[in-house]
**Student:** 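Questions regarding the structure given below will be posed in turn.
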Amino acid sequence: MFLFVNFRKIRDRKGVNFHGVEVIQGYTVVKDGINKWCIPKFGKMRVDAVIYVNDTLKELLHEDQSLRQITNAATLPGVVKPVIGMPDIHEGFGLPIGGVMAIEEKGVISAGAVGYDINCGVRLLRTNLEAEYFNKELLYKLIERIEYYVPTGIGKKGRHKGITRLIFDDVVHNGVEAVIKAGFGKKSDLNFIEEGGKLSGADISAVSKEAQERGEEQLGTLGGGNHFIEIQQVDSILDEKLAERFGLFKGQIAVMIHTGSRGFGHQIATDYTKILWEAAKKYGVDVPEKGLAAAPIDSKEGKAYYKAMAAAVNFAFSNRQIIMFDVIKAFEDVLKKSSESMGFQLVYDVAHNIAKWEEHGGKKLLVHRKGATRALPAGHPQNPSFYKESGHPALIPGSMGTGSYVVVGTEKAAETFYSVNHGAGRRLSRNKAKKITKEEFEKAMGDVIYNVRSFKDIVDESPLAYKDVEEVISVLSERGITTPVARLIPLAVVKGAD
DNA sequence: ATGTCC
């Protein structure tokens with residue numbers, strides 16, 4: 001053994017490390033092929049944890065608690081090998097953002113492993129419009145009009161609250177179909193939303209009155225933080241065939257919408273973190289930190305959380321549907337053309353904070369994804385029919401001033417439960433990002449137009465606060481888990497503002 | 001992420 005160790009290359013970084021073995025935050029991390037590192041199970045861990053990073057992104061793991069969080073998740077009852085950290089991993093509440101945790105039927109369900117913004121997700125619309133005709137003046141007019149229709153910022157109520165109050169129960173139980181019936185979009189949009197815009201099993205009776213009251217008036221609002229509506233240009237096509245299937249071409253105008261379940265999902269997450277924390281004690285589930293509060297899937301409390309979570313999932317899909325409708329209306333107003341003549345079409349809508357029943361390796365698993373996106377490969381039966389042969393588009397936004405990607409999962413993505421990263425991933429905490437100067441911020445934004453006038457309200461969303469999206473994307477594509485299809489760059493962005 | 005602390 002002594003000789004074996006001596007043959008290996010010794011690296012002097014954060015202490016003495018051997019080639020292929022490093023110690024990060026006190027955890028022994030072992031290289032397992034291209035861009036994949038494993039924390040072999042030890043102590044109370046029931047399974048290994050795995051992270052997908054290259055050398056640059058691996059260094060960032062020294063700076064936060066995300067390894068502790070994935071190893072903690074690996075102790076939960078029913079967890080299936082491995083708990084996964086995506087290349088955009090960073091510390092969260094409970095499971096890190098960029099975490100995937102799959103649980104067997106006899107195991108537990110955790111609210112903190114889904115996150116506070118239940119079904120936060122991304123939707124991409126394409127057009128037949130050419131970006132070269134969109135000058136700054138036109139882009140300003142468009143984002144101004146979008147802001148007129150879509151309330152943005154924390155605590156805002158929807159413009160359609162008269163209608164959404166009436167259809168609220170229908171929305172919660174039936175998802176996007178309910179808002180389409182009320183006039184927001186067309187029936188065929190359902191074919192281009194994960195789960196067809198409805199996670200079954202939702203039940204409003206599992207949702208607190210407080211959450212319901214917050215939700216009823218918030219459908220059709222963007223929210224704050226990293227939520228955005230972005231007018232983008234398809235910058236490069238990386239896979240011709242798949243891009244053609246997705247209706248994407250170089251120079252095309254596209255719109256990306258990133259938002260979630262607003263105060264509704266947040267209240268549900270708050271309520272059930274408390275409920276599941278108490279339930280864990282009652283059922284004797286050993287939960288290592290409050291953020292991972294979990295109860296048996298089969299328990300009264302576990303079942304109730306699933307029903308409430310599904311309600312928030314349906315709310316968020318519907319929220320993005322209404323916002324899409326309003327964005328298209330803004331384009332119609334400004335360009336004085338119909339939606340049809342501009343070629344508006346939903347490409348896809350993906351969730352990135354959700355727990356769902358899926359079949360993996362012949363087993364029924366409750367897959368918790370928090371800051372991770374499902375990416376089914378070509379031929380997978382759970383693809384929507386239009387994308388059955390190609391695999392569905394997985395949408396990965398970068399930070400505000402940088403590129404976004406459309407990718408497709410491959411067969412090799414089976415090792416991540418067909419999951420990919422959900423974005424660039426935060427590099428600086430919001431507090432640290434506040435130290436970015438106005439000059440640095442403006443330089444990072446380049447020519448991208450944005451709506452927020454107050455620098456201090458937006459500085460923590462600076463591209464400098466995020467990891468390099470190119471780096472993050474390359475981790476999974478180099479490993480063969482994803483096929484990049486197209487890169488989109490922002491022209492103008494609407495963020496939450498007061 | 002969030003009526004950014006009922």
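Below, chain A is the first sequence line, B the second, and so on; all start at residue 1. The figures here come from the full heavy-atom set of this structure, side chains too, leaving out hydrogens, waters and symmetry mates.
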**Student:** Using ring pair (Phe, Tyr, Trp, His ring centres under 6.0 Å) as the criterion, list what pairs up with Y140(A), not counting sequence neighbours.
**Tutor:** none
**Student:** For Y52(A) and E415(A), does a side-chain donor sit closer than 3.5 Å to a side-chain acceptor?
**Tutor:**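 Indeed, the side chains of Y52(A) and E415(A) share at least one donor-acceptor pair under 3.5 Å.
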**Student:** List for me each residue that meets ring pair (Phe, Tyr, Trp, His ring centres under 6.0 Å) alongside Y348(A), sequence neighbours excluded, and say none if there are none.
**Tutor:**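 So Y348(A) forms a ring pair (Phe, Tyr, Trp, His ring centres under 6.0 Å) with Y387(A), H392(A).
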**Student:** Would you check if there is a donor-acceptor pair between the side chains of Y450(A) and E230(A) at a distance under 3.5 Å?
**Tutor:** no
**Student:** Between dT4(B) atom P and I458(A) atom CD1, what is the distance in whole Å?
**Tutor:**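 Spelled out: CD1 on I458(A) to P on dT4(B) is 20 Å.
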**Student:** Distance-only check: which donor-acceptor pairs under 3.5 Å involve side-chain atoms of residues 324-331 of chain A, not counting sequence neighbours?
**Tutor:**
unit_1, atom_1, unit_2, atom_2, d
D326(A), OD1, H160(A), NE2, 3.1
D326(A), OD2, H160(A), NE2, 2.9

**Student:** Just the rounded figure in Å: distance from P of dT2(B) to CG of N119(A).
**Tutor:** 13 Å
**Student:** Who pairs with F228(A) by ring pair (Phe, Tyr, Trp, His ring centres under 6.0 Å), at least two apart in sequence or on another chain?
**Tutor:**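 If we apply the ring pair (Phe, Tyr, Trp, His ring centres under 6.0 Å) test to F228(A), skipping adjacent residues, the hits are H258(A).
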**Student:** Classify R426(A) by what it touches in the nucleic acid, base, sugar-phosphate, or nothing, heavy-atom distance under 4.0 Å.
**Tutor:**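 Counting heavy atoms under 4.0 Å across all strands, no contact is made by R426(A).
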**Student:** Return the value, rounded to whole Å, for the distance between atom CZ of R430(A) and atom P of dT4(B).
**Tutor:**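 Result: 15 Å.
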**Student:** How would you label the contact of Q218(A) with the nucleic acid (heavy atoms, under 4.0 Å): base, sugar-phosphate, or nothing?
**Tutor:** sugar-phosphate
**Student:** Tell me: CG of D457(A) to P of dT4(B), nearest whole Å?
**Tutor:** 15 Å
**Student:** Can you check the L222(A) CG to dT2(B) C1' distance for me, whole Å?
**Tutor:**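 Taking atom C1' of dT2(B) as the reference, CG of L222(A) is at 14 Å.
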**Student:** Using a cut-off of 4.0 Å on non-hydrogen atoms, how would the nucleic acid contact of G260(A) be classed: base, sugar-phosphate, or nothing?
**Tutor:**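 Result for G260(A) = nothing.
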**Student:** Which residues pass the side-chain hydrogen bond (donor to acceptor under 3.5 Å, both in side chains) test with E358(A), sequence neighbours left out?
**Tutor:** H360(A), R369(A)
**Student:** Mind checking G224(A) for me? I need base, sugar-phosphate or nothing, with any heavy atom below 4.0 Å counting as a touch.
**Tutor:** sugar-phosphate
**Student:** So E461(A), base contact, sugar-phosphate only, or nothing? Heavy-atom distance under 4.0 Å.
**Tutor:**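 Sugar-phosphate, backbone atoms only, no base.
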**Student:** Between D460(A) (CG) and dT2(B) (P), how many Å, whole number?
**Tutor:** 12 Å
**Student:** Rounded to whole Å, how long is the line connecting atom CG of N353(A) with atom C1' of dT2(B)?
**Tutor:** 13 Å
**Student:** Rounded to the Å, how far apart are K274(A) NZ and dC6(B) P?
**Tutor:**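 Taking NZ of K274(A) and P of dC6(B), I get 12 Å after rounding.
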**Student:** With the threshold set at under 4.0 Å for non-hydrogen atoms, list the residues of residues 147-157 of chain A touching DNA chain B in residue-number order.
**Tutor:** I154(A), G155(A)
